[in-house]
Trainee: 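Take this structure first; my questions come after.
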Amino acid sequence: MLLCRGAKGDYTMEKKRNTFSGGLGFVLAAAGSAVGLGNIWRFPYLAAKHGGGIFLLVYIILVFTFGYSLMIAENAIGRRSGTSPLDAFRKLNKKWAFLGVISLLIPCIILPYYDVIGGWVLKYLLAYLTGTAQAAAGDSYFGDMLAQPWVVLAGQTIYTLFNIVILMRGVQKGVERVCTVLMPILVVLAIAISVYSITLPGAMEGVKYFLIPDFSHFSISSVLAAMGQMFYSLSLAMGIMIAYGSYLPKESSLEKNVSKIELFDTFIAVIAGLMIIPAVFAFSGGDPSALNKGPGLMFQTLPKVFASMPLSNVVGAAFFFLVLAAAITSSMSIMETIVACVCDHFGMARKKAVILVGVLAWLASFLPSLGYSVFSGVQILGFDILDFMDFITNAVLMPICSLLTCLFVSIGIGVKVIEQEVCISGEFKRRRLFEVMIKYVAPVFVSAILISSVLEAFGVIAF
């Protein structure tokens, strides 16, 4: 029988660290991390590509089973060890110290190119605030922006400074307070834009396509795509949830907090779909293929949709402010993970660590930023620089990290250690689900994601 008590001693912190003020602060910060660019533009185009309603149904099932189990594991590892991902695995089992290095490597690769995309969002927001919606909808606007190195570098520099300023203030006064302000604004804007979107002529066909499952569209590819999106959306396998878990007070319920994050993430994903899919359906005459993959959706297709609407500058500005808010809450969590590792492992003062990480991320962002101009001829395995960074993290390193985390929990420390940590702050109601998923189901699914993503990227198979 599982004893609901926590082990102290080896896992007691030697010194006081930053913490969240409580469960609400943790939930808002973790939800802010989850609600990023992946929810706003990646989820809608994947839903449209993989059958609309059936993709949404599969995604929801996976979030509340597969995603729940991995998030519980990562948060419990963080709180149990009381330290950031670089040291968390080593502290619980020295033989698994290498997994901390992989966990740190992922946000180190993601942060530079995320800052680049954040700079693009700033440029588009400025365009709508200055009343140039028609220009932003032009076929060459996005390409012309990428071809101007100084314009792109200026945007990512400002965006990086936003993250540095926020994190300099610490976990409670920086991360938590910003999420407390931005998340309600994000929700209100998302609901307002989605209501406006579904009232457009012809938009209801998009609503039906997105919300009503058509089981004839069910396929293995839709399941794999939903699993991949779940990782991206819930900020799993990036070290973020381990770092945030280490900031969570022992008395705050892990299971209840994770359940709230699941609900919030799913709600925003649905709202994002209702913002974008009906509007594009109305604009394209009901063609799901108009929701094209990649940055083209957000930076080329949607500006054309906005330009066809009344109050195009207002709608466009509201949308890109929403995207900016979502991007900031995610990128600062990615940066916070790296900062936490530097502070915990090297004993560096927080402000110095923030400046160091910020400057290094800014310098590293030059490569993906200039990949469309100065370094436009550089290809890595057939990918542009930014696309390769995205591929190597999302399609390779994140599935590997998740698979190893499952093995770490099952073999390295045992599921009982995680269950004891969860039980410190309350009853573990979904314990049986957690055990089955983490020991048997999740490793198989994650392996399938890894294999299929790599094979698809190299053209061996096509989903």
Side-chain angles (χ1 to χ4, degrees), residues 26-76 183 186-187 190 210-211 213 218 220-238 240-242 244-245 253-274 277 326 329-330 333 394 398-399 401-403 405-406 422 428-438 440-446 448-449 453:
F26 167 77
V27 169
L28 288 173
S33 174
V35 178
L37 297 176
N39 283 81
I40 303 301
W41 63 270
R42 196 172 188 268
F43 182 88
Y45 82 65
L46 283 176
K49 180 180 178 181
H50 293 281
I54 191 63
F55 176 89
L56 177 61
L57 177 62
V58 171
Y59 176 81
I60 291 173
I61 292 172
L62 289 173
V63 165
F64 285 89
T65 55
F66 188 102
Y68 162 83
S69 301
L70 288 173
M71 187 174 286
I72 281 285
E74 291 193 9
N75 277 293
M183 294 310 291
L186 188 152
V187 170
F210 177 55
L211 294 182
F218 178 82
I220 295 299
S221 65
S222 63
V223 176
L224 293 175
M227 282 193 289
Q229 171 61 21
M230 180 199 66
F231 276 98
Y232 199 97
S233 180
L234 292 177
S235 295
L236 298 172
M238 302 182 196
I240 294 172
M241 291 303 158
I242 295 176
Y244 277 13
S253 172
L254 266 178
E255 186 170 29
K256 288 181 181 178
N257 289 334
V258 168
S259 297
K260 291 173 184 176
I261 296 167
E262 291 175 310
L263 289 169
F264 197 95
D265 173 79
T266 304
F267 171 75
I268 292 297
V270 172
I271 293 298
L274 291 175
I277 293 178
T329 56
S330 289
S333 68
N394 288 286
M398 286 166 61
C401 187
S402 293
L403 175 60
T405 300
C406 291
V422 176
F428 195 175
K429 295 181 179 179
R430 287 191 272 178
R431 179 167 61 89
R432 293 297 183 192
L433 170 66
F434 169 77
E435 289 181 355
V436 171
M437 293 300 299
I438 211 74
Y440 307 112
V441 180
V444 175
F445 278 18
V446 173
I449 294 173
S453 296

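The first residue in the sequence is number 1, and the count goes up from there.
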Trainee: If you define the side chain from C-beta out and look only at heavy atoms, does anything of S259 sit under 4.5 Å from E262?
Mentor: yes
Trainee: Heavy atoms, side chains only, cut-off 4.5 Å: are I438 and I72 in contact?
Mentor: no
Trainee: In the structure I gave you, are the side-chain heavy atoms of Y68 and M437 within less than 4.5 Å of one another anywhere?
Mentor: no
Trainee: Anything under 30° is parallel, anything over 60° is perpendicular, the rest tilted; go ahead and classify F445 against F66.
Mentor: parallel
Trainee: So which atom in F64 and which in R430 form the shortest heavy-atom distance, rounded to 0.1 Å?
Mentor: O-NH1, 3.2 Å
Trainee: Check step by step if side chain to side chain contact (heavy atoms under 4.5 Å, CB included) holds for L186 and I268.
Mentor: CA-CA 9 Å; L186 188 152; I268 292 297; 3.9 Å; yes
Trainee: Please tell me if the side chains of L236 and M398 come closer than 4.5 Å, counting only heavy atoms from C-beta onward.
Mentor: no
Trainee: I'd like to know whether V187 forms a side chain to side chain contact (heavy atoms under 4.5 Å, CB included) with F267, so could you lay out the CA-CA distance, the side-chain angles of the two residues, the decisive distance to 0.1 Å, and finally the verdict.
Mentor: CA-CA 9 Å; V187 170; F267 171 75; 4.0 Å; yes
Trainee: Taking the side chain as every heavy atom from C-beta outward, state whether F231 and L70 have any pair of such atoms under 4.5 Å apart.
Mentor: yes
Trainee: Are any of the side-chain heavy atoms of F210 and V270 separated by less than 4.5 Å?
Mentor: yes
Trainee: Heavy atoms only: give me the nearest G67-L234 pair and the separation to one decimal.
Mentor: CA-CD1, 3.9 Å
Trainee: So which atom in P44 and which in A272 form the shortest heavy-atom distance, rounded to 0.1 Å?
Mentor: CG-O, 3.8 Å
Trainee: Looking only at atom types and distance, does a side-chain atom of E74 sit under 3.5 Å from a main-chain N or O of A237, one as donor and one as acceptor?
Mentor: yes
Trainee: How long is the straight-line distance from NZ of K429 back to OG of S253, given to the nearest 0.5 Å?
Mentor: 8.5 Å
Trainee: Any non-hydrogen side-chain atom of L211 less than 4.5 Å from a side-chain atom of L274?
Mentor: yes
Trainee: Verify, without hydrogens or angle tests, whether T266 (side chain) and L263 (backbone) share a donor-acceptor contact under 3.5 angstrom.
Mentor: no
Trainee: Taking all atoms of both residues into account, what is the closest heavy-atom pair of S333 and Y244, and its distance?
Mentor: CB-OH, 3.0 Å
Trainee: Any sub-3.5 Å donor-acceptor pair from E255's side-chain atoms to V422's backbone N or O?
Mentor: no
Trainee: Are the side chain of R42 and the backbone N or O of S233 linked by a donor-acceptor pair below 3.5 Å?
Mentor: no
Trainee: I'd like to know if the side chain of D265 reaches the main chain of I261, judged simply by a donor and an acceptor atom lying under 3.5 Å from each other, with no hydrogens or angles considered.
Mentor: no
Trainee: Look up atom CE in M238 and atom SG in C401, then write down how far apart they are to the nearest 0.5 Å.
Mentor: 10.5 Å
Trainee: Quick check: closest heavy atoms across I40 and A326, and the distance to 0.1 Å?
Mentor: CG1-CB, 4.1 Å
Trainee: When rounded to the nearest 0.5 angstrom, what distance separates CE in M230 from OG in S402?
Mentor: 7.5 Å
Trainee: I'd like to know if the side chain of S453 and the backbone of I449 have a donor-acceptor N/O pair within less than 3.5 Å.
Mentor: yes
Trainee: Which atoms form the tightest heavy-atom contact between L62 and A226, and what is the distance?
Mentor: CD1-CB, 3.8 Å
Trainee: Do the non-hydrogen side-chain atoms of F428 and L433 ever get within less than 4.5 Å of each other?
Mentor: no
